[in-house]
Each structure stands twice: as structure tokens, then as C-alpha cells.
Amino acid sequence: MKSIFLAALGMLAAGSAAAQMASPGPTLAAVRSRDAVICGAHPGAPGFNVLDSQGVHRGLDADTCRAIAAAALGDAAKARWIILSSQARLPALQSGQVDVLPRTTTWTQTRDTANGLNFTAVNFYDGQGFMVRKSANVTRARDLAGATICVTSGTTNELNLADWARANNIQVQPLVFDQNEETRNAYNSGRCDAFTTDASQLAGIRTALRDPAEHIILPDIISKEPLAVAVRHGDDQWFDIVRWTVFALIEAEELGVTQANVDEMLNSQNPSIRRLLGNAGDHGPLMGLDRRWAYNAIKAVGNYGEIFERNLGSGSPIGLQRGVNDLWTRGGLMYAMPVR
Ligand SMILES: N[C@@H](CCC(=O)N[C@@H](CS)C(=O)NCC(=O)O)C(=O)O
């Protein structure tokens, strides 16, 4: 009798343990069967995604893709990229050509609803700016009255430029191109007086110009561009995996967990670190993942602060300050929801 009772208890325990491992939804199942996560990627935005001389993807968005592959499959080397123009990126995600879009994409209401996307978390708070040649003697955006301004189609930047001109009663001539390379070439060859896109991209593009010192980025920011990692509508589990991977990188920074110390941190008694690294709770299995999901991501690419510094920070060629992208504990907007 006693043994039957114990066996029943054992079954219950096993049942509840099994129940903690969520079964894979459609995207996780597809990712597992192909053994790769496919990310939509920018054709070339220094600091966000560029191919280095060895053909390796470098940048904040590239590392975000690696972190997702590490969390979902235990291996950052299982990240793959498909290069997408601004126009092509949303349809590519909708149609299932890519699993996730970490690609300097602004979270807007239309994209979040009618375009069939869900934005999981912001990985960079940006705003739209202008770059001009120093020789133009333009110091503020309002001095651009009458100017020809190069902009890429299918972007919020094209729409914001029109809004800004109307709101400020300034006449400008937008020169619109489908491919970002065409936009840059047009600016480079002097076909337009100014180049407008997200200010962080301008900082990156400027470093790639023939003589960066010949160009300045104006101090005016004309929009909010919360760049967020998008998935398609209809798979809540995959949404959760991507969202919590981005949060885990931010949480790791807040908790002082780095790429270098993450193994040592496995011995930490701090309850938040124990949950994040899979020593307490079932936070990975609740999403259908290994309990070391966040450990794998941090081990592969470091915490958010490390990723930022490596790709965009003051020690990188882009040279950006953390600013609003700093942690909330230091006055910034980066605030991960609690892993508990
Ligand atoms: N955040 C904006 C901009 C997206 C974006 O990355 N635009 C790129 C297009 S490839 C761009 O115009 N960059 C200027 C350039 O790279 O020349 C959006 O979501 O629409």
C-alpha cells in the first residue's frame, strides 16, 4: 500500500516536473529542426550589423541574433542572417523567411498591428537626425530650408521628414532611394545637401565616408526611434523567448554578470543571479528552453553593456555615449522585467 502511494507521489512529481518544460511552439520547433535561427539583417550599418573582413557579422543587432541562437539552441554559432532592405524587412518576417528581426526597426503602432508584427523589447533608443557637409555652414536643422535631403524609402525616416517639414513650415526636397547604398552614394556625390536617418546610423555611416571630419551630425533630433526586436504575430512562445533573451542581457548588466565572470557567477548565492543563470526556478523550461538559456546567451556575447561598448560605445569607432541607453539605475531607459 505504502509503495503504491509512494509510486503515485513519484508519478505526480514527475508529472509536475514534465509540466514545467513547455512543448515547442511552431517557431521554436522550426528553429530546432533546421538547427539555426534566421535573423533579418541590415545591409550595412556600422555598429548594428556589418560584415567584417573575415565575413563575420558585427554589431549590436548581430550580437542580439547570436544571443537568441544561444538561448534557443545553446550555440551562438547557429545564428544565420538574411540581408534585407528597409522595404523588404517587414514582408520577410511576415512570410516566415526570417524568424526574428533585430534590424534597426522602429516600434510603431502600424507595424505592431496592421503589419502583423510584435515588438518584443527595445535594444536601442534612437532618434532621427541630419548629417551635412561642414562646408554647407548649416548648424541647426531649421537651416535646412530649401535643402535637398537624401532618405531611404520604407522607413520611418521618410515619414518623419515630411512631418517635421510640415510642423515647422520648412520646405525641403526629399530625394528618396530604395537601397541604403544608393542613398549614401547620392549624399556622397553631392546630389543632396543633407542625409537623414536614425542618428546612431548617421554616426556609423559617417565613419565610413571618405573623410568623416568633413561631415557633421546636427544636434537636432526630430523623432523617437525605439529600435526593437520584432517577431511575427501568432507565436507567443517565440515572442517570449526573444523578449526574455533581450531582457536577460540587460538584467545581466544590472546584476554585474559578464561574459568573463558568468562561470564564476554560477556559484553566486544572489537569488536573482541564481534564477537568471538557471540554478533556481524553471525559467528556461517555462519557455521550452534549457535552464541555462540566459547563461548561454551571456557566455556567447556578454551583457547588454558589454555588447553596447564593443559595437557602439566610446571605445568603438562609432563612439556613442550610453545616454538614454544606459541602465535605469544610472538614469537611462534600459529596464529589464524581473526573471522570477
Ligand atoms: N528605424 C528606421 C530606419 C530603418 C533603417 O535601418 N533604415 C536604413 C535602411 S537600410 C536607412 O535608411 N539607413 C540609411 C542608410 O543606411 O543609408 C525604421 O525602422 O524605419
Side-chain angles (χ1 to χ4, degrees), residues 39-51 57-62 64-65 81-94 98 100-132 148-164 174-189 191-192 194-210 212 215 217 221-231 311-312 318 324-325:
C39 295
H42 195 294
F48 288 90
N49 183 60
V50 275
L51 287 178
H57 287 262
R58 298 283 178 206
L60 170 74
D61 287 340
T64 302
C65 185
W81 290 268
I82 292 182
I83 302 292
L84 298 168
S85 70
S86 293
Q87 291 281 10
R89 65 188 152 158
L90 308 186
L93 182 55
Q94 284 161 341
V98 299
V100 54
L101 194 63
R103 191 208 167 282
T104 60
T105 299
T106 304
W107 184 344
T108 70
Q109 198 259 359
T110 304
R111 290 172 176 174
D112 206 350
T113 56
N115 291 345
L117 309 189
N118 277 330
F119 290 87
T120 60
V122 173
N123 72 347
F124 192 94
Y125 288 93
D126 214 334
Q128 184 171 338
F130 297 94
M131 178 163 63
V132 295
T148 300
I149 302 182
C150 280
V151 62
T152 308
S153 64
T155 61
T156 48
N157 311 124
E158 185 187 4
L159 310 173
N160 296 330
L161 178 63
D163 284 0
W164 168 81
L175 198 54
V176 186
F177 298 91
D178 285 340
Q179 304 292 334
N180 63 324
E181 208 175 323
E182 297 171 318
T183 322
R184 292 175 199 198
N185 290 341
Y187 175 73
N188 245 334
S189 63
R191 285 181 65 194
C192 41
F195 187 135
T196 188
T197 186
D198 303 344
S200 64
Q201 286 198 47
L202 289 177
I205 293 165
R206 186 170 166 270
T207 63
L209 292 175
R210 219 171 303 112
H215 305 267
I217 296 166
I221 296 292
I222 66 165
S223 69
K224 290 185 288 190
E225 305 294 323
L227 307 181
V229 188
V231 294
N311 295 303
L312 292 157
I318 318 293
V324 291
N325 291 297

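These numbers come from a predicted model, not from an experiment. Counting convention: from 1, in listed order, for ligands and their atoms alike. Position 1 is the first residue of the sequence, and the numbers go up from there.
- Taking the six-membered ring where tryptophan is involved, the planes of Phe119 and Trp107 are essentially parallel, since the angle between them stays under 30° and well short of 60°.
- Protein heavy atom in closest approach to atom 15 (C) of ligand 1: Asn180 CB, 3.2 Å.
- Ranking protein heavy atoms by distance to atom 10 (S) of ligand 1, first place goes to Arg103 NH2, 3.1 Å.
- When only non-hydrogen protein atoms are considered, atom 2 (C) of ligand 1 lies nearest to Thr156 OG1, 3.3 Å.
- Contact annotation: Glu182 has no heavy atom less than 4.0 Å from any atom of ligand 1.
- Nearest non-hydrogen protein atom to atom 7 (N) of ligand 1 is Ser86 OG, 3.4 Å.
- Partner of Thr197 under the side-chain hydrogen bond (donor to acceptor under 3.5 Å, both in side chains) criterion, out of Asn180, Asn160, Asn157: Asn157 alone.
- Residues passing the side chain to side chain contact (heavy atoms under 4.5 Å, CB included) test with Ala45, sequence neighbours excluded: His42, Phe48, Gln201.
- Checking only distances, Thr104 does come within under 3.5 Å of ligand 1, N or O to N or O.
- Of all protein heavy atoms, the one closest to atom 3 (C) of ligand 1 is Asn157 OD1, 3.2 Å.
- Heavy-atom distances between Phe195 and ligand 1 reach below 4.0 Å in at least one pair.
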Evaluation steps, side-chain hydrogen bond (donor to acceptor under 3.5 Å, both in side chains), between Gln87 and Ser85: CA-CA 5 Å; Gln87 291 281 10; Ser85 70; over 6 Å; no

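- Atom 17 (O) of ligand 1 has Arg184 NE, 3.0 Å as its closest protein atom, hydrogens excluded (heavy atom only).
- When the options Glu225, Arg89, Arg111 are evaluated for a side-chain hydrogen bond (donor to acceptor under 3.5 Å, both in side chains) with Thr105, the one that passes is Arg89.
- Each of the atoms 18 (C), 19 (O), 20 (O) of ligand 1 lies under 4.0 Å from some heavy atom of Arg111.
- Heavy-atom contacts from other residues, nucleotides or ligands closer than 6.0 Å to CD of Glu181 number 12 or fewer.
- Considering both main-chain and side-chain atoms, Thr155 never comes within under 3.5 Å of ligand 1 through any nitrogen or oxygen pair.
- Any N or O atom pair closer than 3.5 Å counts here, and Glu181 shares no such pair with ligand 1.
- Closest to atom 13 (N) of ligand 1, if we only count protein heavy atoms, is Gln201 OE1, 3.1 Å.
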